[in-house]
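One structure is given here, and the rest of the page talks about it.
Here, residue 1 is the first one in the sequence, and each next residue gets the next number. These numbers come from a predicted model, not from an experiment.
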Amino acid sequence: MNGTRLALAASALLSLFVLSGCAQPGTSAERESRHYVYAADDGFDPNFRTNKADTARMMVPFFDQFWQAGKKDRDAGLTAEAARQRLASYTSDEFLASVRGKTSFAGKDYDNNKSVSTQERKAMIAAITTTYMDGYQGRK
C-alpha cells in the first residue's frame, strides 16, 4: 500500500516538474527582458535590492520595439545582410550611449545617467540582437 502511494506521489511530482520546466514567458520580448534583468544584475550593494520581476515587466516594451522593428523589416523585404547591418547599428557604442532609462525609487522617477557596466552592455546587446532577429525571422 505504501509503495503504491509513493509511486503515485513520485509520478505526480515528476509530471509537475516536467510541466513547470517547459513554461516560458510568451513572447521574445518577455523572455529577453527577463534574461537581460538577471544577466545585467551585478548585485554588489547589500543595502539595495532590485525587484527583478517588476523590472523585467517594465523592460518588455523596450525590447518589444526591437521585435517590431525586425518584423517590419522582414515585411518590407529587407535582406538578411541589411538586417545584420541594422543589428550592427543597434549594438554600436553611440546607440547604447543614447539609451537612457528612468529609475523609480520611493515613488519618484529619476533620470538614469550612470554609465553602463560592461556586464550590462553585453546583456543588453545580446537581448536586443536576439529580440530583433526573432522579429525578423517571425518567431514569437
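Between the side chain of Thr131 and the backbone N or O of Ile128, no donor-acceptor pair lies under 3.5 Å. Using a distance-only test at 3.5 Å, with no hydrogens or angles considered, no donor-acceptor pair links the side chain of Thr130 to the main chain of Ala127. Side-chain atoms of Ser28 do not come within 3.5 Å of backbone N or O of Asp134 as any donor-acceptor pair. Side-chain atoms of Glu32 never come within 3.5 Å of backbone atoms of Ala29 as a donor-acceptor pair (strictly under, hydrogens ignored).
In this structure, Ile125 and Thr91 approach most closely via the heavy-atom pair CG2-CG2, 3.4 Å. When all heavy atoms of Arg31 and Lys140 are compared, the closest pair comes out as NH2-O, 3.2 Å. Between Arg34 and Ala56 the shortest heavy-atom distance is CA-CB, 3.9 Å.
Taking the side-chain contact (heavy atoms from CB on, under 4.5 Å) definition, one finds that Ala39 meets it with His35, Ala123, sequence neighbours left out. For Lys72, the side-chain hydrogen bond (donor to acceptor under 3.5 Å, both in side chains) test picks out no residue, with sequence neighbours left out. The side-chain hydrogen bond (donor to acceptor under 3.5 Å, both in side chains) test applied to Tyr136 returns no partner, not counting sequence neighbours. Remark: Thr79 pairs with Glu81, Ala82 by the side-chain contact (heavy atoms from CB on, under 4.5 Å) rule, at least two apart or across chains. In terms of the salt bridge (charged side-chain N to carboxylate O under 4.0 Å, His left out) criterion, residue partners of Lys52 (sequence neighbours excluded) are, by chain and number, Asp41.
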Less than 3.5 Å apart, which donor and acceptor atoms pair up between the side chains of residues 57-70 and the rest of the protein, not counting sequence neighbours?
from  : atom 1 : to     : atom 2 : distance (Å)
Arg57 : NH2    : Asp54  : OD1    : 3.3
Gln65 : NE2    : Phe62  : O      : 3.2
Trp67 : NE1    : Arg139 : O      : 2.8

